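Working notes for the structure below.
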There are 2 protein chains.
Amino acid sequence: MNLLLNEIKQKLLEKGLKVTPQRLAILQALMTHKNHPTAEMIIEYIRYNHPNIATGTVYKILEVLVEKELIRKVQTEKDIMRYDAIMDKHHHLYCSESERIEDYVDSELDELLEAYFIKKGIPDFKIEDIRLHLNGKFLNLE
Amino acid sequence: MNLLLNEIKQKLLEKGLKVTPQRLAILQALMTHKNHPTAEMIIEYIRYNHPNIATGTVYKILEVLVEKELIRKVQTEKDIMRYDAIMDKHHHLYCSESERIEDYVDSELDELLEAYFIKKGIPDFKIEDIRLHLNGKFLNLE
DNA sequence: TTATTAAAAGAGAATGATTCTCCAACAAGT
DNA sequence: ACTTGTTGGAGAATCATTCTCTTTTAATAA
Ligand SMILES: [Mn+2]
Ligand SMILES: [Mn+2]
Ligand SMILES: [Zn+2]
Ligand SMILES: [Zn+2]
């Protein structure tokens, strides 16, 4: 049986969530499409194999998955939320002339920043997580 | 006459925008309240001295001011936009247990990051701007 | 396997921040 | 003061998201 699906089932069970076809489909969609899709994009993709899924259900599931830390919300300046199934520490490249958002993984940078803030703390603030928003232009097509 | 208001008038004129009481009020509100307010918060504040301003007008003005780069949008995970009149380079401290967002200015860090990315570029991406989202807890009241 | 039941999904209405439309008011230059 | 393109006001419309209520179902026990 599908290896990814088994991995996803495991994750749901670990978080005490029931395994349902809808949840599997959404998590699978998010793990397959690493382009930080919107709820609408996820719905469109899922409906191909799962024509009956309700819009509200998708939003509810996304909300639960964020709460349980199986996915993350990705912030934008638009009134549309985007989602990310990659939970390993990473930053984002934001295109300044399109909606494209790509992952940026750089553990050397993470270490540099961690060292910097350990030395030079922020008064009255305890850092839990540092995320960079790198705005700019992609030089390749997509 | 009010010094801040004159400064604001100047900024509007430089951008080719007509100077109106509504625009002055909104920019003044944003420059006075550095807490990254929502449109609703701005409206509430402005209505005290300016009871007739229309909700849609505030949204339209905020949009124009963002376009003309007199203010910025501040991204959050909520379906409510927040605004910032401080255009000098700075990062944001996000409280993980409330909606509080504070500025973080650190030119030493900016230089460090600039040097880092000049040395180690990102393939196929031209960086225009780097913003850190520092998530954590504030240790003081507010 | 079947029965039980709390959790989850479906359908569609409701919400609420934001946008739009259309007309009246007005800022800025003549 | 006059003219004109720009801007503001009022309220409807939009639309992503949330809510409510009912039906279905996954997981557990008998
Ligand atoms: Mn919304
Ligand atoms: Mn919206
Ligand atoms: Zn990502
Ligand atoms: Zn700020």
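Here the structure is a predicted model, which means the values were calculated and not measured. In the text below, chain A, chain B and the rest are named by the order of the sequence lines, each starting its count at 1.
- When the C1' atom of D/dT17 is taken as reference, atom CD1 of B/Ile80 falls 12 Å away, rounded to whole Å.
- Legend: residues meeting side chain to side chain donor-acceptor pair (under 3.5 Å) with A/Asn49, ordered by chain and number and at least two apart, are absent.
- A cation-pi arrangement is absent between A/Arg100 and A/Tyr94 under the rule of less than 6.0 angstrom and at most 45 degrees off the ring axis.
- For the helix from C/dT1-D/dA30 to C/dT30-D/dA1, the terminal axes (five pairs an end, C1' atoms, rotation from four pairs onto the next four) enclose an angle of 40°, given to 10 degrees.
- Residue pairs meeting the salt bridge (charged side-chain N to carboxylate O under 4.0 Å, His left out) criterion with at least one partner in residues 28-54 of chain A, sequence neighbours excluded, do not occur; the list is empty.
- Listed for the B/Asp84 side chain is a donor-acceptor partner under 3.5 Å among the backbone atoms of B/Ile86.
- With sequence neighbours excluded, the residues forming a side chain to side chain donor-acceptor pair (under 3.5 Å) with B/Lys78 are B/Glu99, listed by chain and number.
- The CG atom of B/Leu12 sits 16 Å away from the P atom of D/dT6 (whole-angstrom rounding).
- Between A/His133 and B/His133, the ring-plane angle classifies as parallel under the 30° and 60° cut-offs.
- Here the P atom of nucleotide D/dT17 and the CD1 atom of A/Ile26 are 13 Å apart, to the nearest Å.
- In this structure, A/Asn135 has no side chain to side chain donor-acceptor pair (under 3.5 Å) partners at least two apart in sequence or on a different chain.
- Residues passing the salt bridge (Lys or Arg N to Asp or Glu O under 4.0 Å) test with B/Arg23: none are found, sequence neighbours excluded.
- Less than 4.0 Å separates DNA chain C from at least one heavy atom of each of the following residues of residues 59-66 of chain A: A/Lys60, A/Ile61.
- Of all the residues in residues 30-58 of chain A, A/Asn52, A/Ile53, A/Ala54, A/Thr57 reach under 4.0 Å from DNA chain C with at least one non-hydrogen atom.
- In this structure, the separation between CG on B/Asn2 and CD1 on B/Ile8 is 7.5 Å, given to the nearest 0.5 Å.
- Remark: P of C/dC26 and CD of B/Gln22 are 9 Å apart, rounded to the nearest angstrom.
- Pairs passing the side chain to side chain donor-acceptor pair (under 3.5 Å) check and including a residue from residues 57-70 of chain B, sequence neighbours excluded, do not occur.
- Taking NE2 from A/His92 and CZ from A/Arg131, the interatomic distance works out to 7.5 Å, rounded to the nearest 0.5 Å.
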Restricting to nitrogen or oxygen on both sides, can you table the protein-nucleotides 27-30 of chain D pairs closer than 3.5 Å?
unit_1, atom_1, unit_2, atom_2, d
D/dA27, OP1, A/Val19, N, 2.9

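- Going from atom CZ of B/Arg82 over to atom P of C/dA17 covers 14 Å, rounded to whole Å.
- Whole-Å rounding puts the A/Glu67 CD to D/dT18 P distance at 11 Å.
- Taking atom NZ of residue A/Lys15 and atom P of nucleotide C/dA7, one finds them 19 Å apart after rounding to whole Å.
- One interatomic measurement links the two molecules: NZ of A/Lys68 to C1' of C/dA7, which rounds to 12 Å at whole-angstrom precision.
- Residues meeting the side-chain contact (heavy atoms from CB on, under 4.5 Å) test with A/His33, sequence neighbours left out: A/Tyr45.
- With sequence neighbours excluded, no residue forms a side chain to side chain donor-acceptor pair (under 3.5 Å) with A/Tyr83.
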